[in-house]
Amino acid sequence: MAIENLHDFLTDYFTANHCGILENENGKVTIQLTDEMDELIMNRPFYWHYIKQIGQQGQPMKVTFITNPDRRDEQGEWVHFGSPRLHQIFNTLGQQGKITRQFEQVDTAMQRSPLIPWLVINLKIIYRGKHKKDELLSYGLQLINGTLVSPMMDKLIKLKLHTGIPDFCYTITPLIRYKSGYQRIIRYVEKYLNTKDYTWAKESWEHLYEEGKLLEYFYKDVSTDGEKQEQLKQSLSEIEKRFRPNISIDIVNGGIFYLSQQTSNTISSNG
Amino acid sequence: MNIQLNKDSEFIEEFETALNHDGPFSSWDLFQMSYLSSQATLTTEFTGLIAPKHLPHVEFLPHQLDCAEQIVEEMNGRGLLADEVGLGKTIEAGLILKEYMIRGLVKKALILVPASLVNQWVLELTQKFYIPAVSQGKRPVWDQNKVIVSSMDMAKRSPHKEKILDQEYDFVLIDEAHKLKNHKTKNYEFVRALRKKYCLLLTATPVQNKLSDIFNLVSILKPGHLGSYEDFTANFGRDRNNLFNDSHLKQLIQKVMVRNRRGDTKVDWTERKVQTVSIEFSEEEQEAYNRLTAITRDASTFSSITLTRELCSSREACYLSIKKMLSQDTEIPNRQAYEDFLKQIEQLPHHAKADKVIELLKDSDEKFIIFTEYRASQLYLQWYLQQHGISSVPYRGGFKRGKKDWMKQLFENHAQVLIATEAGGEGINLQFCNNMINYDLPWNPMRLEQRIGRIHRFGQQHDVNIYNFAVKNTMEEHVLSLLYEKIHLFERVVGNLDAILAELEINDVEQEIQTIFTESETEGEAKIKLDNLSSVISLTQERINSKEDWNGNRESS
């Protein structure tokens, strides 16, 4: 999974946020924002505050985005992978797409069918030392028998999902509580981290040690001067911040997914 | 191994609350897109730059990318950025800051620059790098997570100083860092005391006078890297030439400093062919010039110097200025003389320089850029060229972006000549043209460099021809032959002139020249003063060049 087509991504984003697409051709799209989206991304809080104060209907804006670089000089806002607009949208998604509950839309042929609960957690691991990198992981935990599947998102995108439960389906109550399911996933991530190569962290420690030695040498003749000792302390803390290796686990988003017995089996078996 | 692990503890609480309250839940589409956006902002590798992919509208030169990579990867974000003037230190610094911001390592940054450059930095960072930088303003808010650009003078004053020293910055940048060479100054102590993670010092002249200059700069970035001060002087002495003679010191310095010189850049710079075109005024013109000199000498002011300069450009420019002066200023002692003079220049034939332009252009089908200092001359030239069947388009700094692009297109595809009054700022790049006429010369050599930079830049395929026009027996000739040519302004491919001027504490060459002309009683006196100025510059230039024998090959560790 990746954003392969930025234009489609943008259009999908506004459609998913109930905005009207007024025009859309050759890498240029014009969108009629809703009130909510205008407030969220157009950065004009005074206008909306004023409108609400006088109890009027606001006029949400129309915006044109251009993704085709050949047309970037035309009227509209050029959006590319570095543009502030795209990153603003990414930021809104951090909240808008954080927590979900989905049901697989199965054709039950009027048979009563059970749906099995899965806890899905997408998370980012951030490795920081002298340098920094991230890793994105996606896990699914079956909350009845504890099967763990990764990468889960790749399986989910093939399914038909919706926030409402389909007719004739019923959900099975999880045997594993959400919180302990979550903790299981985190323990699994920790185990995974134990298998990684830590040359980078070793190098960072060594570097920290070397620079620390230089600092102590630099201040060696002033060990009785209080002010200089403060300077030394500050410098030491600065190199700690810069080099001391650490790892963070940040949750991107997560949800409960109720999947059919058959889908659950398929996912578990090649997972 | 001992590695700190930080876990997210908020998510699961929020998650359980949502499930207990039956929502709110996001749609499947938004959930997927949120995952995709995390993926799009991922930095999957420890090394390499990702910022250039985020800045598709900026064309980085190879040495700029190398520099940023070296500072980030090898120097871990603390370095002395000491490229020669004109190689893009600001761009390199912006690229480094952007890289750290994308990687999520910098949120709060402080950029300290000379007061006159604050706005330029803000513009560059916001427009070129999409870094939401703000200038300090009157009532600065220091304690927010922002990128703030401030003047050093303001930042080091109370009450700002105390507030700034309370902050913890992820990134601190000091422009014109050679001002920190003395560790006993307030500036130095202030910068040293700033709490900072990453730190860039920018200067074109890392060693100005004493070898200890570099010791002091490095001690801000990495105290102890060069040992203690006593070790340093014991090992390397005080002679600044040791920086280049002592290979051990050189190696140490290269671990904290990037210095590109134009010759080291991988860019294949084509040659600059500079030609002085000496022009003789017609008899009537020379007479008018002499008369104007006499009139203005009676009551010499800066504006009267401008009038004579204008006459060297076009009678139109001069005429309009005199007219304006007469209508605005009622207390001109020699009003009558000016009024008579206006009648005289009405009678003048075509300007000798304009005729020279025609002579140069008429046998050529190549494209030319003509730079003039005056709007009136621009219009006149456009009309005069048209009279001779030569197509031209005008260009001014004040044009809106769209119009600028349009003029550029017209020039590229249709017109033979572009007549411009201004080159500075975010000007256009015209590397498809390789002939330039400096119809009249700016008195600020840096502006001249900007002009030439429009065509002599990355992407230029041909040698560049520069024609400098100067009218004989006028102030133009004096400035050109006594100053610009003597200091080899044109031969040098973006030289270290600003370093020289900084060392001589000349802030404004234009003003310097103007003062020379205004305060000199005779032409001879002006000539001698100009000559002195150029000698001082040349001497300093020689001294600076001799002290730097840096072979430029940076060592990679």
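All values below were derived from every heavy atom in this structure, side-chain atoms included, with hydrogens, water molecules and symmetry-related copies excluded. Chain identifiers are assigned alphabetically (A, B, ...) following the order of the sequence lines, protein sequences preceding nucleic acid strands; residue numbering begins at 1 within each chain.
- Residue contact with chain B, scored on non-hydrogen atoms closer than 4.5 Å, involves the side chain of A:Glu211 exclusively.
- Ring geometry for B:Phe215 against A:Phe218 counts as tilted: the plane angle lies between 30° and 60°, on a 0 to 90° scale.
- With hydrogens and angles disregarded, a donor-acceptor distance shorter than 3.5 Å links the side chain of A:Gln105 to the backbone of A:Phe103.
- The candidate from A:Asn246, A:Thr100, A:Ile186 with the greatest count of non-hydrogen atom pairs under 4.5 Å with chain B is A:Thr100.
- Proximity to chain B (any heavy atom under 4.5 Å) is restricted, for A:Gln95, to the side chain, taken from C-beta onward.
- Using a distance-only test at 3.5 Å, with no hydrogens or angles considered, no donor-acceptor pair links the side chain of A:Arg71 to the main chain of A:Gly27.
- For A:Glu190, the part sitting under 4.5 Å from any heavy atom of chain B is the side chain, from C-beta outward, and nothing else.
- Using bins of under 30°, 30° to 60° and over 60° for the plane-to-plane angle, the ring pair B:Tyr130/B:His57 lands in the tilted bin.
- Between chain B and the options A:Thr15, A:Ile99, A:Leu214, A:Ile249, the largest number of non-hydrogen pairs under 4.5 Å is found for A:Ile99.
- Taking the six-membered ring for Trp and the full ring otherwise, the centers of A:His207 and A:Phe243 sit less than 6.0 Å from each other.
- Contact count against chain B (heavy-atom pairs under 4.5 Å) is highest for A:Ser248 among A:Ser248, A:Ala16, A:Ser138.
- Using a 4.5 Å cut-off between heavy atoms, A:Lys98 touches chain B through backbone and side chain atoms alike.
- Ring pair A:Phe65/A:His80: centre-to-centre distance not below 6.0 Å.
- For the options B:Glu16, B:Arg192, B:Lys7, heavy-atom pairs under 4.5 Å to chain A are most numerous at B:Arg192.
- Using a 4.5 Å cut-off between heavy atoms, A:Leu6 makes no contact with chain B at all.
- With a 4.5 Å cut-off on non-hydrogen atoms, A:Gln234 touches chain B through its side chain but not through its backbone.
- Taking B:Gly77, B:Ser228, B:Pro223 one by one and counting their heavy-atom pairs under 4.5 Å with chain A, the maximum is reached by B:Pro223.
- There is no contact between B:Ile131 and chain A, counting heavy-atom distances below 4.5 Å.
- The aromatic rings of A:Tyr178 and B:Phe15 sit perpendicular, their planes meeting at an angle over 60°, well past the 30° parallel limit.
- In terms of heavy-atom pairs under 4.5 Å with chain B, the best-connected choice from A:Thr163, A:Leu161, A:Val252 is A:Leu161.
- Counting heavy-atom pairs under 4.5 Å between each of B:Leu226, B:Thr41, B:Leu55 and chain A puts B:Thr41 at the top.
- Contact annotation for A:Tyr127: both backbone and side-chain heavy atoms come within less than 4.5 Å of a heavy atom of chain B.
- Formation of a donor-acceptor pair under 3.5 Å by the A:Glu135 side chain with backbone atoms of B:Thr44 is not found in this model.
- When heavy atoms are compared at a cutoff of 4.5 Å, A:Leu86 does not approach chain B at all.
- Residues B:Phe31 and A:Phe257 place their aromatic rings such that the two centres sit under 6.0 Å apart.
- For A:Lys132, the parts sitting under 4.5 Å from any heavy atom of chain B are the backbone and the side chain alike.
- Taking chain A as the reference chain and counting heavy-atom pairs below 4.5 Å, the highest number among B:Glu73, B:Arg78, B:Glu14, B:Glu13 is found for B:Arg78.
- Looking at A:Leu156, both its backbone and its side chain come within 4.5 Å of chain B, counting heavy atoms on both sides.
- Only the side chain of B:Phe11 comes within less than 4.5 Å of a heavy atom in chain A; its backbone stays farther off.
- Note: B:Phe236 and B:His248 have tilted aromatic rings, judged against thresholds of 30 and 60 degrees for the angle between ring planes.
- Among the candidates B:Lys53, B:Lys196, B:Glu10, the residue making the largest number of heavy-atom pairs closer than 4.5 Å to chain A is B:Lys196.
- There is no contact between A:Asn91 and chain B, counting heavy-atom distances below 4.5 Å.
- With a threshold of 4.5 angstrom between heavy atoms, B:Glu168 approaches chain A through side-chain atoms but not through N, CA, C or O.
- Using modelled atom types, one finds no donor on one side chain facing an acceptor on the other under 3.5 Å when comparing A:Gln96 with B:Ser26.
- Counting heavy-atom pairs closer than 4.5 Å to chain A, the top-ranked of the candidates B:Ile102, B:Asp29, B:Asp170, B:Leu105 is B:Leu105.
- The number of heavy atoms from other shown groups lying within 6.0 Å of OH (A:Tyr188) does not exceed 12.
- Between the side chains of B:Asn216 and B:Ser219, no donor N or O sits under 3.5 Å from an acceptor N or O.
- Chain B forms the most heavy-atom pairs under 4.5 Å with one residue out of A:Lys241, A:Lys179, A:Lys130, and that residue is A:Lys179.
- When each of A:Gln229, A:Lys233, A:Gln231, A:Lys228 is tested with A:Tyr219 by the rule side chain to side chain donor-acceptor pair (under 3.5 Å), just one qualifies, namely A:Gln231.
- Within the 4.5 angstrom heavy-atom criterion, only backbone atoms of B:Ala193 (N, CA, C, O) approach chain A.
- For a residue to count as touching a neighbouring chain, one of its non-hydrogen atoms must lie under 4.5 Å from one of that chain's; by this rule A:Ile256 touches chain B with backbone and side chain alike.
- Using modelled atom types and a 3.5 Å distance limit, the side chains of A:Lys196 and A:Tyr192 yield a donor-acceptor pair.
- A:Lys124 places a side-chain heavy atom less than 4.5 Å from the side chain of B:Leu42.
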